[in-house]
Protein chains: 2
Amino acid sequence: MPRGRPPLRNREQVLAAAVRLADADGLDAVTMRRVASEIGAGAMSLYTYVPDREHLIDLMVDRVAGEMELPALTGDWRADLFALVGAQRAMMLKHPWLTGALAGRSVMGLNLLAYLEHGLGALEPSGLSGGTRMAVLALLTGFVASYVTAELAGDSTGTEQVTQIVAAMASGDFPRLAAAFAEGGSEPPDFERIADWVITGLVNQATGNS
Amino acid sequence: MPRGRPPLRNREQVLAAAVRLADADGLDAVTMRRVASEIGAGAMSLYTYVPDREHLIDLMVDRVAGEMELPALTGDWRADLFALVGAQRAMMLKHPWLTGALAGRSVMGLNLLAYLEHGLGALEPSGLSGGTRMAVLALLTGFVASYVTAELAGDSTGTEQVTQIVAAMASGDFPRLAAAFAEGGSEPPDFERIADWVITGLVNQATGNS
DNA sequence: CCCTTTTTCGTACGCTGTACCGAAAACAGT
DNA sequence: ACTGTTTTCGGTACAGCGTACGAAAAAGGG
């Protein structure tokens, strides 16, 4: 039996409120006071459910990682990996603060472990060794993270930066850059195409050389 | 002729002090007051040289990007890309705060544009289209960033996290993960090997399918 | 010598994370 | 019922943050 005064709230509610705030107003809006008042609690009460703000953010990351729906494995590692990176991209687009939260941090909650486990399962038919499979997965998640970062940044690149880039183009100091922009427009190849390159190319290379 | 009171310092000194602080004590140590006192100035004087803290960090990123030495192109795109990612990794290891600073941010200073220009040059002999070459470069920088993040985090993964991971292994809920760890040890394949996979595999795939 | 322009930086405000601590609320034992 | 014991609750307080504001200082031009 629990001994003391029973908690009025639980960690789940705290995390839900924090994620809601971050989705709406960005990671900086996730302050202890705002999260607390969001669930009608005093600021210091949060420390019952969470050790400090850093851990709160770690927990938020693992929480949204748990939202990913990982479809059952088909045995076709190419298709399974494709679904995996798609799920990760969808999650990161839904929670734009993730790109900022993951920076430099190395979280490893249960949901992220489950994600890894799923990925290892997808790669099982490939015949790669365990260490290599881990490396491939790390690479893929890194690829998705950096792609989504670019994707999100593209939507809201500041006017000043555009100005500077245009000026740099006009200066003639970056001929290849200017050519690339002039030629292809600024939109990157779509996610599916690149993901396909990476998955196929990477695994082919790994099976050949490892 | 300059009209008003001449500045006692310049942006260069501010950036140098800020980078020194970040290298020594992390990005959080880069506060306006500390940077200012580092160069013997009052806190508010910084705003003469830098619009605000966010821009200061953008400028720091571009500054260390300028430190990279990009060796002259050889015409062998595989070797040239290899040198490129090596330079980026060295820079990120030298300035560990970069992984955190780049999060969610999309900086585009002159030095970063020069980096891109160099990369496009390296890919010129590959025969890829401009847009595709940009995509390949974005992929490579993303790969390096995520590899170095893991590399740095590995050095100092908290005790608690290790505890949790070990517990998760023992629970039997993550059989493939446990197997991968048991089999290969925890060290990832070295940077050079993976970089080789990525570069070769990716470009092969891109030339074939694009 | 003063006027204009620019840099310098002390003061002040609102906000942050969180240490500390008394009050409140539950159960266990008498 | 009453009295510990244990836990949560949340107010107060403090150091530190970014930065708005404005007065003082330092230069050149007339």
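Letters A, B, ... are given to chains in the order of the sequence lines, protein chains preceding strands, and every chain is numbered from 1.
Separating the OH atom of Tyr47(B) from the C1' atom of dA12(C) is a distance of 14 Å, rounded to the nearest angstrom. Computed from coordinates, the Met32(A) CE to dC14(D) P distance equals 20 Å when rounded to whole Å. Nucleotide dC17(D) holds its C1' atom 14 Å from the CG atom of Leu56(B), rounded to whole Å. A straight line from OH of Tyr49(A) to C1' of dT8(D) spans 7 Å, rounded to a whole angstrom. The distance between atom CG of Asn10(B) and atom P of dT7(C), rounded to the nearest whole Å, is 12 Å. Going from atom CZ of Arg33(B) over to atom P of dT11(C) covers 12 Å, rounded to whole Å. Leu46(A) has its CG atom 10 Å from the P atom of dC9(D), to the nearest Å.
The listed nucleotides are dC9(D), dA25(C), dT7(C); the one nearest the side chain of Pro6(A) is dA25(C). Here the side chain of Pro7(B) is nearest to one of dT19(D), dC9(D), dT8(C), namely dT8(C). Which of dA26(D), dG10(D), dT5(C) sits closest to the side chain of Arg3(B) comes down to dT5(C).
Remark on DNA chain D: of its neighbouring residues Asp28(B) and Arg5(B), the 5'-side contact belongs to Asp28(B), judged by nearest-heavy-atom nucleotide. Positionally, the nearest nucleotide of DNA chain D for Met44(B) lies more toward the 5' end than for the other of Gly4(B) and Met44(B).
Backbone-only engagement by Thr31(B) is indicated by non-hydrogen atom pairs under 4.0 Å involving sugar-phosphate atoms exclusively. Among the protein residues, Arg34(B) comes within range of no part of the nucleic acid, since none of its heavy atoms lies under 4.0 Å from any strand. The residue Ala41(B) sits close only to the backbone: its heavy atoms come under 4.0 Å of sugar-phosphate atoms, none of a base. Residue Thr48(A) is classed as a sugar-phosphate contact, given heavy-atom separations below 4.0 Å to backbone atoms only.
Seen from the ring of Phe191(B), Arg89(B) counts as a face-on cation partner, given the 6.0 Å and 45° thresholds.
Between Gln13(A) and Leu8(A), the closest heavy-atom pair is OE1-O, 4.3 Å.
Judged by distance alone, with hydrogens and angles left aside, the side-chain atoms of Glu117(B) form a donor-acceptor pair with the main-chain N or O of Arg176(A) at under 3.5 Å.
The phosphate of dG10(D) has OP1 or OP2 within less than 4.0 Å of a side-chain N or O from Ser45(A).
Between Lys94(A) and Asp23(A) there is no salt bridge, since no side-chain nitrogen of the basic residue lies less than 4.0 Å from a carboxylate oxygen of the acidic one.
Of the residues Leu56(A), Asp58(A), Asp52(A), the one that meets the side-chain contact (heavy atoms from CB on, under 4.5 Å) test with Glu54(A) is Asp52(A).
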